[in-house]
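Chain A is the first sequence line, chain B the second, and so forth, proteins listed ahead of strands; every chain is numbered from 1. Side-chain atoms are counted along with the backbone in the values below, which use heavy atoms only and exclude waters and symmetry mates.
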Amino acid sequence: MGLPSTATLVVILVTLPLATATVLFASGRQPRTLILAAALLLACAALALGVNVQLEGISVHPIGGWTAPLGIHWQVTPSGTVMLVVTALVGLAGAVYGTGYFLHRAGPEGRMARVFMPLWLFAWGGLNALFVAADLFNLYVALEVMTLASVALVALSARRLALQAAMRYLLAGLFGSMIYLLGVALLYGQYGVLDLDALAAVMDPQDPGSRAGAVALTVGLLAKAAIFPLHFWLPGAHGRAEPPVSAMLSGLVVAAAFYLLLRLWFGPLAGLLNFGVGAMLGTLGAGALLWGGVLALLQRRLKMMVAYSTVSQFGFAMLVFPLATAANRDAVVAGGTLLLANHALAKAALFLAAGTLVRASASDRIGNLVGFSGRARWAWLAVILASAALIGVPPTLGFSAKWLLLQAAIAEGAWVWLGVMLGGTLLTFAYLGRLLERALLDPAPEPTRPPLLTLALLLPALLLALLACVLGLWALDDDMPTQWIPGS
Amino acid sequence: MSLPPGTLFLLAAALLFAIGAHGLVTCRHLLRKVLALNVATTGVFLLLVTLGRSGTAVDPVPHAMVLTGIVVALSTTAVALGLIVRLQRQRP
């Protein structure tokens, strides 16, 4: 029996989450088996798509049979497929965790359980649409679907601080999309095309109009990806949201905006990526690594620390731009994509485990967390594995990604960026080490009546963290990632 | 002195964008911030439509984009207003 065709799988991946979410919203009921079946089906579809892409390579699917320039098409690229698969894994894990986490909430908090799953699926569908979209305007629409669902997810937590964080996130997100749309308008006015490949063919790097467009697109996406100094909205939104929400936002939504930056700068805007632009983007990354890392080190609340860690880790990803040259383009893009995949799995695991630990300890202060005992052990194990992946201990996926970038830096003799990378890794080690040290050597006493930690609260985080570690073995061979995820 | 066609619209688009961006930064009230964002977005829409008509024939693609953009702007404004209402109700 063969796998379904790529075209069928793409249609499933984009329409199934949106359709299921709409039905759930309209019916107002949350049949758990249906939700989990839909999530499982989506995960299987993404994995099957991954297999197909390995066999067939890049494929293009005109929607409704209309071809470019009039029609709109979806494009399945290797790096997009990596993101689709990672999204499916995190999406499934979050759905399972969410059904466990919101299970026994009654009263006003019961509302959370009712709207969590539809919003989760809306965000999932927006992400999938973004990873297969191939023209500037569809990317804008997918970004908006994703952002609106994310804002609503943050606002699920009815606490005032969370609502304020959601509002700030919405304003920052809308500002980002407006600037992005301005870039789309400038480029369309210049060239009259929206399709990424068609734009790459006609792009003139010397033209001031295309430069202005590129700047607008980039600034808009930097705001959405929370790249320093436009990161101000992220820690509050991610730190104060409910744990499964933080997992998706930190792991996937930010990564999607960054993925789009990669897609544009190594696609239509590649001609504009010179030494100066690379150095500027890299400097922003270095600032993010430092600022996010130091603030993560200073946080007293567990989830705020993990949120600042996201700011810092995306600084790492920004180093892709100064390191890229014509010769190592494939390796650097593969490294960047693997970095996003590793961060998505590890950070989602970390947030899910953090939610479990906070529930077990009835406090989110790092000093009050329960120790390595009872069922909380499994959550701590997930934290340890996810930390290893974020730091980049071999053989995790984080190691493979950082290794690809390190090799590029060494080959070019880019010692400044090499130093930034090592410094960032040390900072990551410092704040995650501080967390583990506080908890394992100086734990708080167990609460007298510890809440029941069900499998749904423990397994998803553990499996995601394990995947981040084990997938590194697959990518350990230097040539593998470059062959499997060629830059395009 | 005759200006090239569309100059007036381009200037108006720039002006709208500038007013909106200014409002977004300076206004303290959330409702005003949302309105400012809408004004700035209108500037971007005007730019898109103007660029669509500068050729010999009218290009329909920017119109389709603006139409979609208006729907998106409407939805985002609705979400923003909903959030503001909930924030107000929570005010101690």
Side-chain angles (χ1 to χ4, degrees), chain A residues 69-70 72 111 119 122 135-138 140-145 147-195 209 212-213 216 220, chain B residues 6 10 13-14 16-17 20-21 24-25 27 30-34 36-55 57 59-62 64-92:
Chain A
L70 191 60
I72 293 165
R111 190 186 54 85
L119 289 173
F122 272 130
D135 70 293
L136 289 173
F137 193 71
N138 260 306
Y140 164 76
V141 175
L143 271 175
E144 289 297 60
V145 171
T147 307
L148 281 184
S150 309
V151 169
L153 279 169
V154 175
L156 263 188
S157 168
R159 281 187 298 265
R160 185 167 171 78
L161 279 174
L163 287 182
Q164 278 170 341
M167 192 67 217
R168 197 173 314 142
Y169 177 26
L170 178 62
L171 286 174
L174 293 187
F175 170 76
S177 10
M178 183 189 67
I179 302 287
Y180 175 90
L181 192 62
L182 179 66
V184 176
L186 289 171
L187 286 183
Y188 187 83
Q190 206 74 20
Y191 301 109
V193 286
L194 291 167
D195 185 75
Chain B
L10 287 180
L16 277 175
F17 188 82
L24 188 64
V25 178
C27 290
L30 285 177
L31 209 52
R32 283 173 186 261
K33 274 191 194 288
V34 173
L37 208 57
N38 269 305
V39 172
T41 310
T42 311
V44 177
F45 291 160
L46 188 55
L47 175 69
L48 263 172
V49 175
T50 311
L51 293 174
R53 76 181 264 291
S54 354
D59 181 356
V61 176
M65 283 200 274
V66 169
L67 213 56
T68 315
I70 290 172
V71 175
V72 171
L74 181 78
S75 328
T76 51
T77 309
V79 172
L81 293 180
L83 257 179
I84 293 174
V85 168
R86 277 189 62 193
L87 264 171
Q88 285 294 329
R89 286 202 183 135
Q90 284 233 340
R91 180 148 290 178

What pairs of residues pass the side-chain hydrogen bond (donor to acceptor under 3.5 Å, both in side chains) test when at least one of them lies in residues 75-84 of chain B, not counting sequence neighbours?
N38(B)-T77(B)
Pairs where residues 147-156 of chain A contributes a residue and the test side-chain hydrogen bond (donor to acceptor under 3.5 Å, both in side chains) is met, not counting sequence neighbours:
T147(A)-K224(A)
Using heavy-atom distances under 4.5 Å, tell me whether [X] contacts chain B through its side chain, its backbone, both, or neither.
X       : answer
L170(A) : side chain
F175(A) : both
L148(A) : side chain
V141(A) : side chain

Between V34(B) and A80(B), the two heavy atoms sitting closest are CG2-CB, 3.8 Å
Minimal non-hydrogen separation, L48(B) against P62(B), with atom names
O-CB, 3.4 Å
First locate atom CE of M65(B), then atom CG of N138(A), and finally report the distance between them rounded to the nearest 0.5 Å.
11.0 Å
Passing candidate, side chain to side chain contact (heavy atoms under 4.5 Å, CB included) with F45(B), options L16(B), V66(B), L67(B):
V66(B)
So which part of [X] gets closer than 4.5 Å to some heavy atom of chain A, the side chain, the backbone, both or neither?
X      : value
L24(B) : side chain
L87(B) : both
V72(B) : side chain

Candidate pair L174(A) and M178(A), rule side chain to side chain contact (heavy atoms under 4.5 Å, CB included), full reasoning:
CA-CA 6 Å; L174(A) 293 187; M178(A) 183 189 67; over 6 Å; no
Option that, when pairs with chain B are counted at under 4.5 Å, heavy atom only, ranks first among M167(A), Q164(A), E144(A):
M167(A)
Pick from L194(A), V151(A), I179(A): which one has the most heavy-atom pairs with chain B under 4.5 Å?
L194(A)
